[in-house]
**Student:** 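Submitted below is the structure of interest, expressed as structure tokens.
Predicted, not measured: the structure shown is a model, and the values here were computed from it.
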Amino acid sequence: MKIQPLQRAEVLGKYIVEHRTTVRETARKFGISKSTVHKDVSSRLRLEDPALYTQVRDILELNKKERHIRGGLATKKKYADIAKRKSRNIVR
């Protein structure tokens with residue numbers, strides 16, 4: 001049986017608040033698209049549970065402010081991994 005969109009919005013909202021996750025992480029966890037998560041927590045949750053919506057909105061705003069930092073860390077990790085692979089190939 002499929003879960004109804006309003007119920008799903010509440011489940012997603014609670015997950016985001018409890019685990020302080022991003023939309024991408026939440027989508028990955030529940031096996032749904034980022035668009036669906038965003039629609040549920042930004043539109044549907046507002047109607048279903050305004051208090052939870054406010055908490056989720058605050059977390060998503062914080063994620064938005066921090067995303068440039070996460071992007072920089074991801075790039076740093078990417079190039080560190082490339083350097084590591086190159087050094088392994090040279091040693092052989």
**Student:** Please find the pair of heavy atoms, one from R44 and one from A9, that lie closest to each other, and give the distance.
**Tutor:** CB-CB, 3.9 Å

**Student:** Considering all heavy atoms of both residues, which atom of E10 and which atom of D49 are nearest to each other, and what is their separation?
**Tutor:** OE2-OD2, 4.2 Å

**Student:** Could you tell me whether the side chain of R8 reaches within less than 4.5 Å of the side chain of T36, counting heavy atoms only?
**Tutor:**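 Yes, at least one pair of side-chain atoms sits under 4.5 Å.
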
**Student:** What residues, two or more places apart in sequence or in another chain, satisfy side chain to side chain contact (heavy atoms under 4.5 Å, CB included) together with S42?
**Tutor:**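 Applying side chain to side chain contact (heavy atoms under 4.5 Å, CB included) to S42 gives H38.
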
**Student:** Examine distances only and state if a side-chain atom of T26 and a backbone atom of T22 form a donor-acceptor pair shorter than 3.5 Å.
**Tutor:**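 Yes: the side chain of T26 pairs with the backbone of T22.
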
**Student:** With the side chain counted from C-beta on, respond yes when L12 and F30 share a heavy-atom pair under 4.5 Å apart, and no when they do not.
**Tutor:** yes

**Student:** I'd like to know if the side chain of S43 and the backbone of D40 have a donor-acceptor N/O pair within less than 3.5 Å.
**Tutor:**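 No: the side chain of S43 does not pair with the backbone of D40.
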
**Student:** How would you list, by chain and number, every residue that makes a ring pair (Phe, Tyr, Trp, His ring centres under 6.0 Å) with Y53, sequence neighbours excluded?
**Tutor:**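 Counting only residues at least two positions away or on another chain, Y53 forms no ring pair (Phe, Tyr, Trp, His ring centres under 6.0 Å).
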
**Student:** Inspect the contact between R85 and D81 and indicate whether a charged nitrogen and a carboxylate oxygen are less than 4.0 angstrom apart.
**Tutor:** no

**Student:** Crowded around R57 CZ? As in, over 12 foreign heavy atoms under 6.0 Å?
**Tutor:**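 Yes, the 6.0 Å shell around CZ holds more than 12 heavy atoms from other groups.
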
**Student:** Show which side-chain atoms of residues 58-74 pair as donor or acceptor with protein atoms under 3.5 Å away, not counting sequence neighbours.
**Tutor:**
from : atom 1 : to  : atom 2 : distance (Å)
N63  : ND2    : T21 : O      : 3.2
H68  : ND1    : K65 : O      : 3.1
R70  : NH2    : N63 : O      : 3.0

**Student:** Mind checking what makes salt bridge (Lys or Arg N to Asp or Glu O under 4.0 Å) contact with E48, not counting sequence neighbours?
**Tutor:**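 Here no residue qualifies.
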
**Student:** State, to 0.1 Å, how close V17 and Q55 come at their nearest heavy-atom pair, and which atoms those are.
**Tutor:** CG2-CB, 3.8 Å

**Student:** Output all residues satisfying side chain to side chain contact (heavy atoms under 4.5 Å, CB included) with K29, sequence neighbours left out; order by chain, then residue number.
**Tutor:** Y15

**Student:** Taking transitive links into account, so neighbours of neighbours count too, which hydrophobic residues share a cluster with I82 at under 4.5 Å side-chain distance?
**Tutor:** Y79

